[in-house]
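Down below is the structure, laid out as C-alpha cells.
We number each residue from 1, following the sequence as shown.
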Amino acid sequence: MRTFNNGKITFQYPDSWEVEKADILSNPDCIATLSKGQENLINAVMFPTATNLDDYKVFMEGAISDDGGVIFSSDFIKIADKDAIKLHANMDTPELNFDIHTYVFIENREIYIFELRTLDISGESEREFKNMIESFKITG
C-alpha cells in the first residue's frame with residue numbers, strides 16, 4: 001500500500017493504482033486523481049460548503065437522476081470514523097456505460113467528495129476504493 005498525502009488529506013491506496021496529475025484547470029477543487037488501467041478513475045474534490053449531509057444527499061440524487069443516471073443505492077453510513085453518504089449509480093452515455101461509487105463527507109464546513117467511475121463488474125475496484133476511503137483522514 002502507498003500513502004496519498006497532499007497536506008489536506010491522506011489515504012492509503014494499492015500499488016495497482018496510479019496517482020495522476022490533478023486537473024485543477026478544469027476542476028480547481030480537485031485534490032486527487034487516481035487511475036487503474038483505462039477502466040477505473042477516482043477523483044476527489046474538496047471545497048467550502050454551507051450544506052449538510054441530508055441536503056447534499058437530496059441534491060446529489062437529483063443531479064444524477066437529471067443526468068439520466070439510475071441510482072442503485074444511496075445511504076447514510078459511518079466510515080473512516082466519520083458520517084458520510086455512500087451512493088452507487090449507473091450512467092449510460094452515448095460513449096460509455098459505467099458505474100459511479102461516491103462517498104461524501106462534510107467536516108468543519110468543508111465537503112470532501114470521492115468518486116469512482118468504473119467499468120469493472122467484478123467488484124474488485126469497488127472493494128479497493130472502499131478500503132481507500134476507510135483509511136481517509138483529514139490532516140490540514
Side-chain angles (χ1 to χ4, degrees):
M1 296 291 278
R2 298 179 187 170
T3 300
F4 178 89
N5 182 347
N6 74 344
K8 296 179 183 181
I9 65 165
T10 64
F11 59 87
Q12 303 291 313
Y13 64 96
D15 293 339
S16 57
W17 287 81
E18 295 293 325
V19 174
E20 305 287 336
K21 183 172 172 41
D23 183 10
I24 57 173
L25 290 178
S26 64
N27 187 357
D29 300 319
C30 187
I31 53 175
T33 300
L34 291 90
S35 65
K36 179 181 174 185
Q38 298 293 319
E39 298 185 349
N40 301 288
L41 182 69
I42 294 172
N43 277 312
V45 298
M46 177 192 101
F47 51 89
T49 188
T51 194
N52 58 52
L53 286 176
D54 291 321
D55 293 341
Y56 195 78
K57 185 175 181 286
V58 171
F59 167 78
M60 184 170 59
E61 290 169 352
I64 288 172
S65 295
D66 289 348
D67 285 344
V70 175
I71 297 170
F72 298 131
S73 64
S74 179
D75 302 299
F76 293 108
I77 65 164
K78 186 102 168 164
I79 190 166
D81 294 324
K82 297 169 183 48
D83 293 323
I85 301 165
K86 177 185 177 190
L87 182 133
H88 175 205
N90 179 267
M91 299 298 291
D92 191 10
T93 69
E95 300 85 33
L96 198 57
N97 180 293
F98 59 94
D99 275 9
I100 297 175
H101 298 273
T102 306
Y103 290 90
V104 177
F105 302 89
I106 297 177
E107 299 277 327
N108 301 320
R109 300 184 62 81
E110 298 278 345
I111 191 167
Y112 302 85
I113 304 169
F114 293 83
E115 182 178 271
L116 166 67
R117 294 178 182 210
T118 185
L119 303 177
D120 177 6
I121 59 170
S122 75
E124 178 183 349
S125 297
E126 180 186 354
R127 283 188 297 279
E128 290 173 336
F129 180 52
K130 182 178 183 247
N131 290 339
M132 290 180 215
I133 299 304
E134 286 175 340
S135 71
F136 167 61
K137 291 183 177 47
I138 300 168
T139 59

Query raised in the report: Is a side-chain donor-acceptor pair under 3.5 Å present for D99 with T118?
Result: no
Report task. Taking the side chain as every heavy atom from C-beta outward, state whether K57 and S74 have any atom pair closer than 4.5 Å. Result -> yes
Requested in this report: State whether the side chain of N90 and the backbone N or O of F98 hold a donor-acceptor pair below 3.5 Å, judged by distance alone.
Outcome: yes
Report task. Quick one: do V45 and N27 satisfy side chain to side chain contact (heavy atoms under 4.5 Å, CB included)? Show the steps, please. Result -> CA-CA 8 Å; V45 298; N27 187 357; 3.5 Å; yes
Query raised in the report: Can you check side chain to side chain contact (heavy atoms under 4.5 Å, CB included) on F114 and I9, steps first, answer last?
Result: CA-CA 12 Å; F114 293 83; I9 65 165; 4.0 Å; yes
Query - Closest contact, heavy atoms only, S122 versus R127 - result: O-NH1, 3.8 Å
Query raised in the report: Roughly how far apart are L116 CG and H101 NE2, rounded to 0.5 Å?
Result: 5.5 Å
Query raised in the report: What's the spacing between I79 CD1 and E134 CD if we round to 0.5 Å?
Result: 4.5 Å
**Report entry** Side-chain donor/acceptor of D75 to backbone N/O of I77, under 3.5 Å
**Finding:** no
Requested in this report: Output yes when a side-chain donor or acceptor of S135 lies under 3.5 Å from a complementary backbone atom of M132, and no otherwise.
Outcome: yes
Requested in this report: Kindly say whether G7 contributes a backbone atom to a donor-acceptor pair with the side chain of N5 at under 3.5 angstrom?
Outcome: yes
Requested in this report: Determine whether more than 12 heavy atoms belonging to other residues, nucleotides or ligands lie under 6.0 Å from atom CD1 of I121.
Outcome: no
Requested in this report: Kindly give the heavy-atom pair with the smallest separation between I85 and M60, and that separation in Å.
Outcome: CG2-CE, 3.4 Å
Requested in this report: Look at the side-chain heavy atoms of Ile, Leu, Val, Met, Phe, Trp and Tyr, link any pair under 4.5 Å apart, and say whether F136 and Y13 land in one connected group.
Outcome: yes
Query raised in the report: Out of curiosity, does I138 fall in the hydrophobic cluster containing M46 (side-chain heavy atoms, cut-off under 4.5 Å, transitive links)?
Result: yes
Requested in this report: Quick one: pull up CD in E115 and OG1 in T102 and give me the separation to the nearest 0.5 Å.
Outcome: 4.5 Å
Query raised in the report: Can you tell me how far CD of E61 sits from CD1 of I71, rounded to the nearest 0.5 angstrom?
Result: 5.0 Å
Report task. Verify the distance criterion only: is there a donor paired with an acceptor across the side chains of S35 and E18 at less than 3.5 Å? Result -> no
Query - Polar side-chain atom of N52 near backbone of D54 as donor-acceptor pair, under 3.5 Å - result: yes
Query raised in the report: Does D120 reach the main-chain N or O of S125 with its side chain, forming a donor-acceptor pair under 3.5 Å?
Result: yes
Requested in this report: Measure the spacing between CG of D83 and NZ of K78 and express it to the nearest 0.5 Å.
Outcome: 4.0 Å
Query raised in the report: Given side chains that start at C-beta, do those of L41 and T33 come closer than 4.5 Å, heavy atoms only?
Result: yes
Requested in this report: Inspect the contact between E124 and K36 and indicate whether a charged nitrogen and a carboxylate oxygen are less than 4.0 angstrom apart.
Outcome: yes
**Report entry** Interatomic spacing from SG in C30 to CD1 in I113 - rounded to 0.5 Å
**Finding:** 11.0 Å
Query raised in the report: Should the pair K130-E128 be classified as a salt bridge under the 4.0 Å nitrogen-to-oxygen rule?
Result: no
Requested in this report: Determine yes or no for a side-chain-to-main-chain donor-acceptor pair under 3.5 angstrom, with T93 supplying the side chain and E95 the backbone.
Outcome: yes
Query raised in the report: Would F105 end up clustered with I111 when hydrophobic side chains under 4.5 Å apart are linked, directly or stepwise?
Result: no
Requested in this report: Go through the steps for F76 and L53 under the test side chain to side chain contact (heavy atoms under 4.5 Å, CB included), then give the verdict.
Outcome: CA-CA 8 Å; F76 293 108; L53 286 176; 4.0 Å; yes
Query raised in the report: Is the ring centre of Y103 less than 6.0 Å from the ring centre of F129?
Result: yes
Query - Nearest heavy-atom neighbours spanning M91 and I64 - result: SD-CG2, 4.1 Å
Query raised in the report: So if you build clusters from Ile, Leu, Val, Met, Phe, Trp, Tyr with side-chain heavy-atom gaps below 4.5 Å, do I31 and V104 land together?
Result: no
Query raised in the report: Given side chains that start at C-beta, do those of P48 and R109 come closer than 4.5 Å, heavy atoms only?
Result: no
Query raised in the report: Can the positive tip of K137 be found less than 6.0 Å from the middle of the six-membered ring of F11, inside 45° of the ring normal?
Result: no
Query raised in the report: Got more than 12 heavy atoms from elsewhere within 6.0 Å of CG, D81?
Result: no
Query raised in the report: Would F4 and T10 count as a side chain to side chain contact (heavy atoms under 4.5 Å, CB included) if you check the C-alpha gap in whole Å, the side-chain angles of each, and the deciding distance to 0.1 Å?
Result: CA-CA 5 Å; F4 178 89; T10 64; over 6 Å; no
Query raised in the report: Hey, quick one: are F59 and F47 part of the same hydrophobic cluster, counting side-chain heavy atoms closer than 4.5 Å, chains of contacts allowed?
Result: yes
